[in-house]
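We use all heavy atoms of the structure for the numbers below, so side chains are in, but hydrogens, waters and symmetry mates are not.
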Amino acid sequence: MRLVPFAAAALLALGATACNDSVVAVTPERQYNQIQRLGNPLVSEVLLAKRSHPVHGNIGPEQDVALLGAEIKEFVRTVGGRSAGYADALGGVLLPDMLIVQTDKPPATAGWLNWVGLAPFQNGYGGRRLADDVTDLALLAVFGDPLGLDPAGAVGKAALTTDNVAFTSAVTTTFPYLAPPTN
């Protein structure tokens, strides 16, 4: 019952504001706190320990290599069982953690890792399409050999490169671009 007077006051204030014709000026000096950053899900959701999520979420991409690079490479070497060279190459591709969008590229060339300039990714741009399976792509990056740099390290790990979940949603041409789910 104590919420009723508060709710009534809030509605009254909202109504008074809605009827007010004055314009509120925007203050350009306003400061915002970054709460989370998620360019590539592989980086924060797979390669970083949970204790490192606040660091990742509160720094900018320019600090990624210095503050997170060693942890990512260590994960690839130890959990992924990969060579130091492969870990260095993958770390170099994934950091800084940001999506690159090149508007001068055809939309059909969008895809994960396309921006790195390495075959088979060299003619596209970053980001992802709705049907891109970022979980499988992340597993492939750690346990497979998408860059063609460590074929021996990928031997025997093919079962670890997929979660065996397919993209089954219908894609539409209007926002939100996914058809309603079917039963």
Side-chain angles (χ1 to χ4, degrees), residues 33-169 171 177-178:
N33 291 326
Q34 179 175 314
I35 296 172
Q36 183 56 282
R37 177 170 61 96
L38 183 64
N40 185 338
L42 171 63
V43 173
S44 68
E45 302 305 317
V46 176
L47 302 177
L48 293 177
K50 191 72 167 171
R51 69 179 175 274
S52 297
H53 286 201
V55 172
H56 178 259
N58 287 299
I59 63 173
E62 70 282 353
Q63 297 174 290
D64 283 349
V65 174
L67 298 177
L68 304 172
E71 182 175 346
I72 287 173
K73 292 174 187 178
E74 182 69 15
F75 181 94
V76 174
R77 281 192 307 271
T78 58
V79 176
R82 307 314 293 266
S83 68
Y86 185 81
D88 289 344
L90 187 59
V93 166
L94 295 175
L95 294 178
D97 180 22
M98 57 187 188
L99 296 177
I100 307 296
V101 177
Q102 293 173 272
T103 58
D104 62 333
K105 301 280 186 170
T109 66
W112 186 75
L113 286 186
N114 279 358
W115 61 274
V116 301
L118 299 171
F121 309 105
Q122 60 197 19
N123 294 315
Y125 68 92
R128 66 183 201 194
R129 297 168 294 235
L130 283 172
D132 285 350
D133 190 337
V134 294
T135 302
D136 278 3
L137 293 168
L139 293 169
L140 177 66
V142 175
F143 299 108
D145 190 32
L147 305 176
L149 299 174
D150 189 22
V155 172
K157 298 178 183 170
L160 299 174
T161 61
T162 182
D163 62 358
N164 294 306
V165 176
F167 180 79
T168 58
S169 297
V171 177
Y177 305 110
L178 292 175

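A side-chain donor-acceptor contact under 3.5 Å links Ser83 to the backbone of Tyr86. The closest donor-acceptor contact from the side chain of Asp97 to the backbone of Pro61 lies at 3.5 Å or more, if one exists at all. Proximity of a side-chain donor or acceptor of Arg82 to a complementary backbone N or O of Phe75 within less than 3.5 Å is not detected. When atom types are taken as modelled, the side chain of Lys157 and the backbone of Val142 share no donor-acceptor pair closer than 3.5 angstrom.
Shortest non-hydrogen contact noted between Glu71 and Ser52 is OE1-OG, 2.6 Å. Considering all non-hydrogen atoms of both residues, Arg77 and Ala87 come closest at CG-CB, 3.7 Å. Across all their heavy atoms, Val43 and Leu95 have their closest contact at CG1-CD2, 4.3 Å.
No side-chain heavy atom of Leu139 sits under 4.5 Å from any side-chain heavy atom of Thr162. Put simply, the side chain of Lys50 reaches to within 4.5 Å of the side chain of His53, judged on heavy atoms. Proximity of Leu47 to Val76: side-chain heavy atoms (C-beta onward) are separated by under 4.5 Å at one or more points.
A distance of 5.5 Å separates CG of Leu178 from CZ of Phe167, quoted to the nearest 0.5 Å. Atoms OG1 and CG, from Thr161 and Leu140 in turn, are 6.0 Å apart once rounded to the nearest 0.5 Å. For the atom pair CG (Asp64) and CD1 (Ile59), the distance works out to 4.5 Å, reported to the nearest 0.5 Å.
Residue pairs that meet the side-chain hydrogen bond (donor to acceptor under 3.5 Å, both in side chains) test with at least one member in residues 138-147, sequence neighbours left out, do not exist here.
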